[in-house]
Amino acid sequence: MHYEFTCKTGGERTDKFLALQDTGITRSAAAALIEQGCCLVNGKIAAKNQKLKTGDTVTLDVPEAQPADILPENIPLDIVYEDSDLLVVNKPKGMVVHPAPGHYSGTLVNALMYHCGDSLSGINGVIRPGIVHRIDRDTSGLLIVAKNDTAHNILAEQIKVHSFTREYMAVVQGVIKEDGTVDAPIGRHKTDRKKMAVYPASEPHTKYAYTGYKVLERLNNFTMLECRLKTGRTHQIRVHMASIQHPVAGDPVYGPHNCITSLHGQCLHAKTLGFVHPITGEQLRFDSELPDYFTHFLATLRRGNV
């Protein structure tokens with residue numbers, strides 16, 4: 001993976017600067033990559049304790065991880081649509097999208113490798129074949145998979161220019177009185193690298209993020225929302241809703257300490273996905289039913305049992 005950044009404010013060490021960018025790389029990992037010669041500052045090999053200057057160009061090449069034995073697995077898939085270029089999958093809650101430390105089997109990628117064989121795009125390497133965009137492990141719903149590099153590139157460009165339609169259903173804590181938006185940049189949390197956070201746009205490690213939400217139902221001290229993403233940052237809905245004091249119900253990361261553990265993660269479902277077919281140019285739109293965990297929680301709220 002290749003990254004290129006421009007230092008907006010000088011004075012930071014190279015490893016710290018890299019850790020603050022939206023790459024998911026920790027400071028220790030950045031330091032290790034610098035020692036391996038994977039980082040250049042203005043075209044020259046960097047030192048981890050090198051202090052950057054305003055305007056410096058920092059490039060980082062992260063070698064593709066090569067986990068052992070990412071094998072096809074015969075895992076049932078809920079395929080909403082499939083042709084020779086792509087497929088749309090309805091991912092269940094609890095399924096990891098691609099292999100990662102601690103999760104090298106049972107992932108969506110393992111299932112896709114069994115279902116598609118060699119017919120997956122290779123742009124994201126051996127760990128993420130075909131994966132154009134992701135949803136969190138405990139978020140259910142629709143995502144698109146590319147079967148070839150041409151389709152992948154065109155779909156990725158649609159995401160980049162925000163022409164994808166992505167609508168989520170969420171139950172959040174607290175009563176929201178009216179429809180609204182959260183227009184707030186998101187960046188990697190400065191102290192907890194597994195989390196994201198809202199920061200001012202002036203922070204160099206942030207990216208523009210916009211979430212619109214519509215109130216569908218108020219349920220005692222909870223609100224059911226339809227959230228529409230203009231951007232697709234990591235944990236975007238979860239971070240944005242928590243930033244306005246309405247965290248997604250059951251969210252163990254951004255919610256309160258006494259979150260609803262019976263949900264086994266956030267009550268968030270990627271319900272609608274719309275895009276232009278990368279080869280035919282046809283406008284496609286797909287919807288998925290709310291999963292059982294979601295409808296059961298709604299029924300519990302409507303009975304006033306939470």
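- Residues Asn153 and Ile123 approach most closely at OD1-CD1, 3.2 Å, considering heavy atoms.
- Checking side-chain atoms of Arg302 against main-chain N and O of Leu219 turns up no donor-acceptor pair under 3.5 Å.
- Within a 6.0 Å sphere centred on CD of Glu4, heavy atoms belonging to other residues, nucleotides or ligands number more than 12.
- Separating the OG1 atom in Thr272 from the CD atom in Glu226 is a distance of 7.0 Å, to the nearest 0.5 Å.
- Remark: Asp83 CG to Ile279 CD1 distance equals 9.0 Å, nearest 0.5 Å.
- Leu71 places none of its side-chain heavy atoms less than 4.5 Å from the side chain of Ser105.
- Between Thr181 and Lys230, every side-chain heavy-atom pair lies at or beyond the 4.5 Å cut-off.
- Residues Tyr213 and Cys227 form a side-chain contact, since some pair of their non-hydrogen atoms from C-beta on lies under 4.5 Å apart.
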- Task: Output, in order, the C-alpha distance, side-chain angles, deciding distance and verdict of side-chain contact (heavy atoms from CB on, under 4.5 Å) for Phe164 and Leu155.
- Result: CA-CA 9 Å; Phe164 254 51; Leu155 290 166; 4.1 Å; yes

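- No side-chain donor-acceptor contact under 3.5 Å links Arg166 to the backbone of Leu143.
- Within 6.0 Å of atom OH in Tyr114, 12 or fewer heavy atoms from other residues, nucleotides or ligands are found, so the atom counts as exposed in its surroundings.
- Thr223 contributes a side-chain N or O that, together with a main-chain N or O of Ile176, makes up a donor-acceptor pair within less than 3.5 Å.
- Taken from CG in Leu52 to CG in Asp15, the straight-line distance is 9.5 Å, to the nearest 0.5 Å.
- Side-chain N or O atoms of Thr14 include one that pairs as donor or acceptor with a backbone N or O of Gln50 at under 3.5 Å.
- Counting non-hydrogen atoms of neighbouring residues, nucleotides and ligands closer than 6.0 angstrom, the CG atom of Asp118 reaches no more than 12 such neighbours.
- Between His98 and Arg134, the side chains place a donor N or O and an acceptor N or O closer than 3.5 Å (distance only, hydrogens not considered).
- Across all their heavy atoms, His115 and Leu77 have their closest contact at CB-CD1, 4.1 Å.
- Here the closest non-hydrogen pair linking Asn110 and Pro99 is OD1-CG, 4.4 Å.
- Taking a 6.0 Å sphere around CD1 of Ile79, one finds it holds more than 12 heavy atoms contributed by other residues, nucleotides or ligands.
- Checking Tyr168 against Thr139 by side-chain atom types alone, no donor-acceptor pair falls below 3.5 Å.
- Residues Tyr81 and His277 are in side-chain contact: their nearest non-hydrogen atoms beyond the backbone lie under 4.5 Å apart.
- Taking the side chain as every heavy atom from C-beta outward, Gln173 and Asn221 never approach each other to under 4.5 Å.
- Residues Pro129 and Val109 are in side-chain contact: their nearest non-hydrogen atoms beyond the backbone lie under 4.5 Å apart.
- At distances below 3.5 Å, not a single donor-acceptor pair connects side-chain atoms of Lys195 with backbone N or O atoms of Tyr254.
- Of the listed residues (Pro247, Pro252, Ser140, Cys259), just one forms a side-chain contact (heavy atoms from CB on, under 4.5 Å) with Gln266, and that residue is Pro252.
- For Lys91 against Arg137, the heavy-atom pair with the smallest separation is NZ-O, 2.9 Å.
- A side-chain donor-acceptor contact under 3.5 Å links Lys93 to the backbone of Asp138.
- Remark: Leu87 CG to Cys116 SG distance equals 5.0 Å, nearest 0.5 Å.
- Under a 3.5 Å cut-off, the side chain of Asp149 and the backbone N or O of Ser121 do not form any donor-acceptor pair.
- Panel note: side chain Thr231, backbone Tyr210; a donor-acceptor pair is recorded below 3.5 Å.
- Between the OG1 atom in Thr211 and the CG atom in Leu225 there is a gap of 11.0 Å [rounded to 0.5 Å].
- Shown here for Gln158 and Val276, the closest heavy-atom pair between the two residues is NE2-O, 2.8 Å.
- The main-chain N or O of Glu289 is found under 3.5 Å from a side-chain atom of His269 such that the two form a donor-acceptor pair.
- Residues Glu167 and Lys271 fail the side-chain proximity criterion, which asks for heavy atoms closer than 4.5 Å.
- Counting only distance, with no hydrogens or angles, the side chain of Ser119 and the backbone of Lys147 share no donor-acceptor pair below 3.5 Å.
- Pairing each heavy atom of Ile34 with each of Cys39, the nearest pair is CG1-CB, 3.8 Å.
- For the pair Leu263 and Val171, the minimum side-chain heavy-atom distance is 4.5 Å or more.
- The aromatic rings of Phe286 and Phe275 sit tilted, their planes meeting at an angle between 30° and 60°.
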